[in-house]
Undergrad: 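Below you will find the structure I want to go over with you.
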Amino acid sequence: MSEYQNLLVEPGDGWTELTIHRPDKLNALNDQTIAELGRFFDWARTDEGTRAVLVTGSGEKAFIAGADISELVKMTALDAEQSSRKGQETFDKIEYLGKPVIAAINGFALGGGCELALACTFRTASENAQIGLPEVGLGILPGYGGTQRLPRIVGRGIAAELVLTGQRIPAAEAHRIGLVNHVFSQEELIPKSREIIQKILRNGPIAIRMAQEAVVHGSEMTQADGLRYEATLFGLISASDDMHEGMQAFLEKRKPNFKGC
Ligand code: COA
């Protein structure tokens with residue numbers, strides 16, 4: 001029996017596919033699912049067979065329709081603050097996993113669902129996807145990182161409009177503003193997202209890890225500190241066998257055989 005009630009976990013060829021699975025509630029994130037996500041990403045961090053993660057939602061209608069409103073409605077102020085911190089800590093595990101996490105948004109990605117996708121390394125979407133942060137319409141604000149991550153991805157003006165209106169935008173508009181990298185048909189969403197992961201994983205494993213580290217952590221620094229950090233990682237990776245293999249393979253006009261050391 002699976003150790004998860006609301007997650008489906010399937011191994012890919014070097015990556016792991018994670019499906020949020022509460023289809024009768026459009027995959028809404030209740031406390032149980034948030035706890036399971038925390039456990040899953042703790043596992044994924046150290047699992048050697050997991051060099052990337054593909055996240056999607058069960059069914060054809062929703063990626064994740066938000067935090068579970070039936071739980072939110074019962075919260076005291078202290079519960080709500082704790083729940084927001086718990087959600088933020090869980091989504092930090094995604095952002096700082098040290099491995100690429102791609103959200104394949106297959107329908108509604110609202111509230112906490114949008115926020116989970118924002119914590120991923122990047123996002124793809126199906127043509128029927130609808131993305132938004134509708135919290136203000138419920139009399140609350142996004143509490144799982146949306147007010148902080150969305151402006152960093154699409155810019156403050158567009159983020160402010162989306163957060164303050166609570167409006168949902170379709171996949172094409174999400175693509176136009178840079179919130180998702182690609183829009184695919186529903187049938188193609190997962191195969192095409194897998195192809196992107198395969199393209200990533202063909203490269204040197206240490207190079208992928210360090211490049212991800214430079215992009216994710218570097219973007220939180222001043223540019224001067226980020227450049228210094230990039231140079232440090234560049235120096236470190238130059239001590240790897242993979243660096244010599246990658247360059248030697250180019251010179252010998254053959255495919256590199258990276259070993260991850
Ligand atoms: N929390 C808890 N349950 C949710 C949910 C959420 N965020 N989103 C959907 N559900 C449940 C519905 O209550 C319904 O359950 P039921 O069949 O037991 O009544 C089931 O999922 C199906 O949703 P339904 O509203 O009937 O589907 P729809 O196609 O008519 O509408 C949405 C889809 C996504 C537009 C609508 O469900 C919605 O607006 N959800 C809330 C989105 C939101 O505000 N999220 C932010 C939360 S902070």
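Atoms within each ligand, like the ligands themselves, are counted from 1 in listed order.
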Undergrad: State whether any protein heavy atom lies less than 4.0 Å from atom 19 (O) of ligand 1.
TA: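 Protein heavy atom within 4.0 Å of atom 19 (O) of ligand 1: absent.
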
Undergrad: R168 near ligand 1, heavy-atom distance under 4.0 Å?
TA: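 Within the 4.0 Å threshold, so yes.
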
Undergrad: Under 4.0 Å from a heavy atom of D68: give me the atoms of ligand 1 that qualify, with their elements.
TA: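 It comes down to these atoms of ligand 1: 1 (N), 2 (C).
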
Undergrad: Counting only heavy atoms from other residues, nucleotides and ligands, does the tally under 6.0 Å from CD of E252 exceed 12?
TA: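 Yes, because the 6.0 Å sphere around CD of E252 holds more than 12 heavy atoms from other groups.
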
Undergrad: Is there a protein heavy atom less than 4.0 Å away from atom 26 (O) of ligand 1?
TA: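 Within 4.0 Å of atom 26 (O) of ligand 1, no protein heavy atoms are found.
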
Undergrad: Could you tell me whether atom 39 (O) of ligand 1 has a protein heavy atom closer than 4.0 Å?
TA: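 Answer no: nothing from the protein, no heavy atom, is under 4.0 Å.
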
Undergrad: Show me which atoms of ligand 1 lie under 4.0 Å from any heavy atom of L110.
TA: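 This gives 34 (C), 42 (C) as the contact atoms.
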
Undergrad: If we count only non-hydrogen protein atoms and require a distance under 4.0 Å, does atom 30 (O) of ligand 1 qualify as touching the protein?
TA: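 No, there is none.
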
Undergrad: Tell me whether E60 at atom CD has more than 12 heavy atoms from other residues, nucleotides or ligands lying less than 6.0 Å away.
TA: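 No, because the 6.0 Å sphere around CD of E60 holds 12 heavy atoms or fewer from other groups.
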
Undergrad: If hydrogens are left out, which of G107, G111, P142, A67 has an atom nearest to atom 6 (C) of ligand 1, that is, the closest non-hydrogen atom?
TA: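 Answer by nearest heavy atom: A67.
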
Undergrad: Hey, is atom 35 (C) of ligand 1 under 4.0 Å from any protein heavy atom?
TA: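 Given the 4.0 Å cut-off, atom 35 (C) of ligand 1 counts as touching protein heavy atoms.
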
Undergrad: Looking only at protein heavy atoms, which one is nearest to atom 13 (O) of ligand 1, and how far off is it?
TA: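 Scanning the protein heavy atoms, the shortest distance from atom 13 (O) of ligand 1 goes to K25 NZ, 4.7 Å.
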
Undergrad: Same hydrophobic cluster for I169 and I158, using side-chain heavy-atom links shorter than 4.5 Å among ILVMFWY?
TA: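 Yes.
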
Undergrad: Suppose we measure from atom 5 (C) of ligand 1 to each protein heavy atom; which comes out shortest, and what is that distance?
TA: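 I find the closest protein heavy atom is A28 CB, 4.0 Å.
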
Undergrad: Who's closest to atom 14 (C) of ligand 1 heavy-atom-wise, of L26, I64, D24?
TA: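 The residue whose heavy atom sits nearest atom 14 (C) of ligand 1 is D24.
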
Undergrad: Would you indicate whether M75, at its atom CE, is surrounded by more than 12 heavy atoms from other residues, nucleotides or ligands within a distance under 6.0 Å?
TA: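 Enclosed.
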
Undergrad: Work out whether the distance between some heavy atom of K61 and some atom of ligand 1 is less than 4.0 Å.
TA: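 Yes, that is the case, since the closest heavy atom of the residue is under 4.0 Å from the ligand.
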
Undergrad: Give the numbers and elements of all ligand 1 atoms closer than 4.0 Å to a heavy atom of L138.
TA: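 Close to L138: 44 (O), 47 (C), 48 (S).
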
Undergrad: Tell me whether D242 contacts the main-chain N or O of K259 through its side chain, where contact means a donor paired with an acceptor under 3.5 Å.
TA: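 Judged by distance alone, yes, a pair lies under 3.5 Å.
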
Undergrad: Between H182 and F184, how do the two ring planes meet: parallel, tilted or perpendicular, split at 30° and 60°?
TA: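 H182 vs F184 ring planes: parallel.
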
Undergrad: Quick one: look up the protein heavy atom nearest atom 1 (N) of ligand 1 and list residue, atom name and how far away it is.
TA: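 In this structure, atom 1 (N) of ligand 1 has I69 N, 2.9 Å as its nearest protein heavy atom.
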
Undergrad: Is it true that R152 and E220 make a salt bridge, defined as a side-chain N closer than 4.0 Å to a carboxylate O?
TA: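 Result for this pair is no, no salt bridge flagged.
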
Undergrad: Which of the atoms of ligand 1 are close to P134, meaning less than 4.0 Å from one of its heavy atoms?
TA: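 Those atoms are 43 (C), 44 (O), 45 (N), 46 (C).
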
Undergrad: Among the clusters formed by ILVMFWY side chains lying less than 4.5 Å apart, do V163 and L118 turn up in the same one?
TA: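 Yes, one cluster joins them.
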
Undergrad: Is atom 47 (C) of ligand 1 in close reach of the protein, with a heavy atom under 4.0 Å away?
TA: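 When distances to the protein are checked, atom 47 (C) of ligand 1 has a heavy atom within 4.0 Å.
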
Undergrad: Of A65, P23, G66, which has the heavy atom at the shortest distance from atom 42 (C) of ligand 1?
TA: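 Going through A65, P23, G66 one by one, A65 has the nearest heavy atom to atom 42 (C) of ligand 1.
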
Undergrad: Can you confirm whether or not the ring centre of Y4 sits under 6.0 Å from the ring centre of H21?
TA: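 Ring centres of H21 and Y4 not closer than 6.0 Å.
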
Undergrad: Identify the two heavy atoms, one from E127 and one from A171, that lie closest to each other, and give their separation to 0.1 Å.
TA: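 So the minimum-distance heavy-atom pair works out to O-CB, 3.9 Å.
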
Undergrad: Below the 3.5 angstrom mark, is there an N/O of E135, backbone or side chain, next to an N/O of ligand 1?
TA: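 There is no such contact.
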
Undergrad: Considering all heavy atoms of both residues, which atom of C114 and which atom of A109 are nearest to each other, and what is their separation?
TA: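 Looks like CB-O, 3.4 Å.
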
